[in-house]
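Everything below concerns the one structure shown next.
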2 protein chains.
Amino acid sequence: MSPIEKSVARETASNISRAGKPTLKTIAEMTGLAITTVSRALGNAPQISESTRRRVHAVAAEIGYLPDRAAQRLKTGRTNVISVLLDPHEEILGFGTSIMHGLARALQATSYHLIVTPNFLDGSNVDAVNYIIRNGMADGLIFSRTEPFDPRVRLLLENGFPFVTHGRTEFSTPHAFVDYDNFAFAYEATKRLIAKGRRKVTIILPPRRLTFHQYMLHGFMTAVREAGVSYEIADALDLDSPADMIRDYVRRRSAEPDPPDGYTCPGEVSALATITGMSDNGFTLCAEYDIVAKQTSRLLSQIQPKVETIYEDLPAAGEAMGRLLLRRIAGENAEDLTMLLGPQFGFPTP
Amino acid sequence: MSPIEKSVARETASNISRAGKPTLKTIAEMTGLAITTVSRALGNAPQISESTRRRVHAVAAEIGYLPDRAAQRLKTGRTNVISVLLDPHEEILGFGTSIMHGLARALQATSYHLIVTPNFLDGSNVDAVNYIIRNGMADGLIFSRTEPFDPRVRLLLENGFPFVTHGRTEFSTPHAFVDYDNFAFAYEATKRLIAKGRRKVTIILPPRRLTFHQYMLHGFMTAVREAGVSYEIADALDLDSPADMIRDYVRRRSAEPDPPDGYTCPGEVSALATITGMSDNGFTLCAEYDIVAKQTSRLLSQIQPKVETIYEDLPAAGEAMGRLLLRRIAGENAEDLTMLLGPQFGFPTP
DNA sequence: GGTGTAATTTAAAACGTTGTAAATTTCCGA
DNA sequence: TCGGAAATTTACAACGTTTTAAATTACACC
């Protein structure tokens, strides 16, 4: 077919955009090219001449062509989907949402969609992971709250499935992760309490089975030992305990002899609960005791007197996880895809 | 092929589960049936004999067959996906997450997946809706914070695309929605303030462009007029204002003459900000002034003295939206799919 | 034992894309 | 002017499912 004939064919076919949405076929008819060529041109394959490449791109843009994800997925086996495991414990203070926004930012300009796989109410998180691997529901996975020998991580490693965790593990095989330096947080927070003159510090730790329990404890103990102050650790409760339980515990403990006068609170709600529990017994923040808390939202800046805080930037963590996961999917080595985010002092001005 | 031959064929083929995951073909080979028959049997089509139906189901379960979503989607045009538009304003107190958990519960036993379409940082939410409609990215849509003549709703109605909003609109064409009775909330909250003896009430309203601004205002004004107390409305700020701004406003206003002594707070963070602003000026909650706040989490029960609250059950709203959307997708009439959830007094015991 | 009808099962064609292998065109140097 | 290699384009076959229409089998009745 000569260039002139082609051009005629184009005029003829481009009368009305058909009922359904445009496909490669539509463009093929409009340009007089073969479907394969159009596909190639759009994919910027090397063997397509620059002129047709341009022409195809122009037509595609004009009619608002977007490839059918289902067909692509069927053919290539790639889903263009990244799945986030939503943990029920993340709901209180928008942890999930913060991370999600960061993730969204990372995936913004890519063709990836974000799908949320909530905790199966009955089964464990491992089932969800298994389901996703087995049925190829996503190209990559993101989740948080890792355990030292997290079964989800083990499963993913065994299957060579791309993922990024929020939190480290202790597997010898490296994997991509983003973590917050909770050692630094606890160390710094506790040091600050001591600097304020507090002489018996305490901390509300994450559940023992989670990896960051260790780091947190270690940071706390390091500060304690360096300063030689006394301390105690409440092992009847943890950060996942309902706020009421934390409040009740603090209230009870502060009524007993020799109560702590410095609290390291790695959670906003637990900080609030602590303040409430203390004030129930007539203790005043900054006067009789102090708190240094982890801050992930603007919540704590709303209460009086101001609680001293150390910031953890969750949207940044989300964005980092997104970027690392994309690189992991692209084939980069897992051991090069790790990231430890330091605590930031003071809430960044927006 | 005789039954015996079939049975032999089955034995022969079931030696090893092939490399890839099982497909209809796998089952067809194992049972000696045609692919079509297997598809029908799994779909419980009427013309399949009970015996083969059972046999196919058994084999499918045995080898853990799950239909390929991409192929189904390509063939049928249905995506089996429900998309949630995530609004940036929803991040503070896990609104998004709460709703999401409810939604997840509603979709639990269905084949639907939940995909999150975050606000496109640049474009408006309308672009996202348009994108989803045009490219058939989902079978149904869920979003919140409706305006009286919400352009998203208009677009969806024009295209006959199934959706459920959180919040009402004023279009004459009915559409599915779940809403919280904010009139009842504001009316009840304000009445309580008045019952406590407060004589000048005020309210922090949602942004004027959102539908529930009207309901909230109406409820507030009704209580005010019935009791004949005085009131004022801060129109320099709204519920979306940063907490610091609310706090500063309250602080400034309470230092001026004739300040309000009763606050209706339709948001948890704004309630906190109000308390802080007031206490900055030496006003004590329950003594010099009162607050009745909307409660969507256990946050407010953590501060002292207890703020009186009226509950809004967001997970329940999410679940309701999910169920309504499924029915809408199934073809039910939109006008039958509306739901107004009443305020509940006191936090339900879990 | 045939015949018609109902009950089951089946082959073949799509859905829109990409990969393989082959066909066509273009271009260069002899 | 002609081979032949390089450049460009193409046809066809998948991917796994559902749908349409047709084929086969079973069943009842005369």
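Residue numbering restarts at 1 for every chain, and letters A, B, ... go by the order of the sequence lines.
- Going from atom CZ of B:Arg78 over to atom C1' of D:dT17 covers 14 Å, rounded to whole Å.
- Here A:Pro174 pairs with A:Glu335 under the side-chain contact (heavy atoms from CB on, under 4.5 Å) rule; sequence neighbours left out.
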Could you go over nucleotides 17-22 of chain C and give all protein N or O partners under 3.5 Å, atom names and distances?
{"from": "C:dT17", "atom 1": "OP1", "to": "A:Tyr65", "atom 2": "OH", "distance (Å)": "2.5"}
{"from": "C:dT17", "atom 1": "OP1", "to": "A:Asp68", "atom 2": "N", "distance (Å)": "3.3"}
{"from": "C:dT17", "atom 1": "OP2", "to": "A:Leu24", "atom 2": "N", "distance (Å)": "2.7"}
{"from": "C:dT18", "atom 1": "OP1", "to": "A:Gln72", "atom 2": "NE2", "distance (Å)": "3.3"}
{"from": "C:dT18", "atom 1": "OP2", "to": "A:Ser39", "atom 2": "OG", "distance (Å)": "2.7"}
{"from": "C:dT18", "atom 1": "O2", "to": "A:Lys75", "atom 2": "NZ", "distance (Å)": "3.1"}
{"from": "C:dG19", "atom 1": "O6", "to": "A:Thr36", "atom 2": "OG1", "distance (Å)": "3.4"}

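- Atom CD1 of A:Ile48 is separated from atom P of C:dT24 by 17 Å (rounded to the nearest Å).
- In this structure, a donor-acceptor pair under 3.5 Å is present between the side chains of B:Ser111 and B:Asn80.
- Checked against the 6.0 Å centroid threshold, A:His166 and A:Phe177 do not count as a close aromatic pair.
- Note on A:Glu158 versus A:Arg154: no salt bridge recorded, every NZ/NE/NH1/NH2 to OD/OE distance being 4.0 Å or above.
- One can place CG of B:Asn80 at 10 Å from P of D:dT18, the figure rounded to the nearest angstrom.
- Checking B:Thr79 against B:Asp139 by side-chain atom types alone, a donor-acceptor pair falls below 3.5 Å.
- An end-to-end axis angle of 60° holds for the helix from C:dG1-D:dC30 to C:dA30-D:dT1, taken from five base pairs per end and rounded to 10°.
- Put simply, CG on B:Leu42 is 13 Å from C1' on D:dG16, counting in whole angstrom units.
- We find that CD of B:Glu50 is positioned 15 Å from P of C:dA7, with the value rounded to whole Å.
- By the side-chain hydrogen bond (donor to acceptor under 3.5 Å, both in side chains) test, B:Ser83 pairs with B:Thr117, sequence neighbours left out.
- Straight-line distance from the CG atom of B:Leu74 to the C1' atom of D:dT19: 13 Å, rounded to whole Å.
- Within the 4.0 angstrom heavy-atom criterion, base atoms lie near B:Thr37.
- Here D:dC15 presents its C1' atom at 17 Å from CZ of A:Arg69, a figure rounded to the nearest Å.
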Original post:
What do the steps show when you test B:Lys21 against B:Asp68 for salt bridge (Lys or Arg N to Asp or Glu O under 4.0 Å), and what is the final call?
Top reply: CA-CA 10 Å; B:Lys21 45 172 206 167; B:Asp68 182 302; 3.5 Å; yes

Show every donor-acceptor pair shorter than 3.5 Å between a side-chain atom in residues 317-327 of chain A and any protein atom, with sequence neighbours excluded, or say none if there are none.
{"from": "A:Glu319", "atom 1": "OE1", "to": "A:Arg105", "atom 2": "NH1", "distance (Å)": "2.3"}
{"from": "A:Glu319", "atom 1": "OE2", "to": "A:Arg323", "atom 2": "NH2", "distance (Å)": "2.5"}
{"from": "A:Arg327", "atom 1": "NE", "to": "A:Glu332", "atom 2": "OE1", "distance (Å)": "3.3"}
{"from": "A:Arg327", "atom 1": "NE", "to": "A:Glu332", "atom 2": "OE2", "distance (Å)": "2.9"}
{"from": "A:Arg327", "atom 1": "NH2", "to": "A:Glu332", "atom 2": "OE1", "distance (Å)": "3.0"}

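- With sequence neighbours left out, A:Arg73 forms a salt bridge (Lys or Arg N to Asp or Glu O under 4.0 Å) with no residue at all.
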